[in-house]
Amino acid sequence: MTRPLRSTSTRLAMTVMGAFLLAFVLLGTGVYVAVSTLLLQDARELVRTDAAALVELERDSGRAALVQELRDRLEAPDDPDAVHALIAADGHFDVGDAASMNLQSVRAGHGVRWTTFELAGDAVPDDGAQSRRVLAQLQPLPGGDTLLTGLRLQSQDRFLALMLRTALVALAVAATLGALAGWLTSRWVSHRLSHLDRTAARVGGGELGLRVPLDGSGDAFDRLGRRFNAMLDRIEELLGGVRHATDHIAHDLRTPLTRLRNRLEDLQRRSGATPTERAALDGAVQETDQLLTTFGALLRLARIEAQPPAGEGPELDLSALVADAAEMYTPIGAERSVRLALTLSPAIVRGDRDQLFQMLVNLLDNALKHAPQGSLVGVSLQAGEVAVLCVDDEGPGIPEADRERVFDRFQRLEAHRGTPGSGLGLSLVRAIVHRHGGRIGLLDRGPGLRVQVTLPLAGDAGRIARAEPLE
Amino acid sequence: MRVLLIEDDPHTAAFIAKGMREDGHTVEHAGDGKQGLFLATTETFDAIVLDRMLPALDGLVLLQTLRGAGNRTPLLLLTALGEVDHRVEGLRAGADDYLVKPFAYSELSARLDSIVRRQREEAQREPTRLSVGDLELDLLGRDARRAGKRIELQPREFRLLEYLMRQAGRVVTRTMLLEAVWDYHFDPQTNVIDVHISRLRQKIDHGFERPLLHTVRGAGYRLGE
């Protein structure tokens, strides 16, 4: 999992976790609001009852009795949370500590008013209560006074705070568990998928014999794997059919062609032919040979393309092969005064020695064919992270538009129609390069053409470079 | 020499048998694997030409059975499958050489001569000097002389000449040269062998009245007087 955010399973896990947390938060908020409303209603009920008793006292026994009652309560409170005050019509507090109550407007209108305020200063003993919030009822009395009956909400607030803390802890635990569950799920899913992914990548690379390992559990992944394997079986069967057909074509068509050639050879051997007839026979044999060569190249190409990658082949030094090929082709160049210049450093690659040699021979043959008389063909091999082989000529080059096309079977540039060749040379080169996990490119040297082949090196560096990146 | 031909395709068999008889050999023909194995184990031959794909008994199985029984008759395997792994498989099973169908008769003839000769030479001591006419090759001193005059040869040219001299008097095909001298199995795009031969010819025949290195039209080359 190199890119966790781009992984489908991780995204899925995170979405599920997000939805889960959102539901938790909404539910928690709802409960919190409901509970706090309920608690406030209870408090109001208490305050209202208290106030009603006091108002009754005032009506029955007069203002003095009320003042006395309030003072008694302030001095020896039955309920430490109760708050009382009697405010005269001019705003003066007859009973109660005006300073501690930062009431904005005592000026009562008519009727009962509810208000909440914070107790200030140290009018109340600081007993560690978290809340100084007071819910109070302002009740205008017939004499113009205002009776304040209130209740400190500290126990309610303490309960709510406790509830909030508990909810937050629960949320944190749930989030952690959710993340953990999501991570595990995503790991499990990507682990199950990685088999499929790896197998698909390697099969795509040509290892058609590979199958996804099944665990027999019959779950969705297992079923997918089984279907995938069935599909691969089918593909292999079809490819096998094609290969079979190719082999049969090789057997069935090349054999009569050779028979034809042998008959011609037989005629050649018979004496008595005039020089003209002899020349015609030679020509016919040559034509047949050309046909057989082309046919052979085509079959060879088809077989190389169907072969699994050569990454597991023996290790060999590409520079030795290049040197051999160059040595072999130096006399060909010398016929037209074309010199070969080699710059080689050792490069150990894995693969098929004969095929790599074929690749080099075709590249050299091409370069020498198109190099102008007396020019230089450069061959360089360097090994860094990969082996880089360059074959440079000073010929006419290949127009940009044609560079991809020349790799196709039987594609030859108009300018080269006259020269000998089957039109399969570069197709063969590309098939061999691809089979060895490499790349081929045609670059402009202005003037001339550079054919650049990169091949993975053998050993750890090469193996890492070849490995497909996995989710 | 007496040759056993095990080949199911009548056309191919007829064409090989005809060529061999023209070359002066005696040919016994077996049309399937069972008959072939019977003939190979009950009679003595100088060489066997064996098709890989046979009815009744597979060519490769026949070959393994034969070699398992200690029969060392030089054997040339014929096949329609030209891939490296098949060639290696055939040689590992005990074939002396391998020829991909379709082939020219001259190729078969040259290769058959080569394997028969090779087995005869194996019994003898490895020579240190080779000579054809007035051309001499000192294998230890890596020295080539013609009529006593030293010839400068590149290492590859030396190997080429050595191979031709070991096969002196016989036709050697271009493919045989590629495999023996360059040790690569591939399809040369151009007449690369011809160019090497003509350079060698320059060195050994130039200035001498009688050429030693001959071109055999449609087949290959022959070194000899």
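Chain letters run A, B, ... following the sequence lines, proteins first and then strands; every chain starts at 1.
Heavy atoms only, all atoms of each residue included: B:His185 and A:Asp354 are closest at N-OD1, 3.1 Å. Heavy atoms only, all atoms of each residue included: B:Val195 and A:Pro331 are closest at CG1-CB, 3.5 Å. Residues B:Val192 and A:Ile332 come closest through the heavy atom pair CA-CD1, 3.5 Å. Listed here is the closest heavy atom pair of B:Phe186 and A:Arg300: CA-NH1, 3.9 Å. A pairwise comparison of heavy atoms in A:Leu321 and B:Tyr184 identifies CD2-OH, 2.9 Å as the closest pair.
Applying the 6.0 Å contact sphere to CZ of A:Arg339 captures no more than 12 heavy atoms from other residues, nucleotides or ligands. By the neighbour-count criterion of 12 heavy atoms within 6.0 Å, atom CZ of B:Arg2 is densely surrounded, having more than that number from other residues, nucleotides or ligands. Around the CZ atom of B:Arg150, the shell of radius 6.0 Å holds more than 12 heavy atoms that belong to other residues, nucleotides or ligands.
With a threshold of 4.5 angstrom between heavy atoms, B:Asp194 does not approach chain A through any atom at all. Within the 4.5 angstrom heavy-atom criterion, only side-chain atoms of B:Glu22, from C-beta onward, approach chain A. Contact annotation for A:Asn366: neither backbone nor side-chain heavy atoms come within less than 4.5 Å of a heavy atom of chain B. Only the side chain of B:Phe15 comes within contact range of chain A, with at least one heavy atom under 4.5 Å from a heavy atom of that chain. Neither the backbone nor the side chain of B:Leu160 has a heavy atom closer than 4.5 Å to any heavy atom of chain A. With a 4.5 Å cut-off on non-hydrogen atoms, A:Gln286 does not touch chain B at all.
Distance check, rounded to the nearest 0.5 Å: CG of B:Asp187 to CG of A:Leu301 gives 11.5 Å.
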Could you go through B:Asp183 and A:Arg353, starting from their C-alpha distance and side-chain angles, then the distance that decides it, and tell me whether this counts as side chain to side chain contact (heavy atoms under 4.5 Å, CB included)? CA-CA 10 Å; B:Asp183 191 27; A:Arg353 184 170 170 273; 3.6 Å; yes
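Side-chain N or O atoms of B:His196 include one that pairs as donor or acceptor with a backbone N or O of A:Met328 at under 3.5 Å. Checking side-chain atoms of A:Asp324 against main-chain N and O of B:Trp182 turns up no donor-acceptor pair under 3.5 Å.
Between B:Phe103 and A:Arg261, every side-chain heavy-atom pair lies at or beyond the 4.5 Å cut-off.
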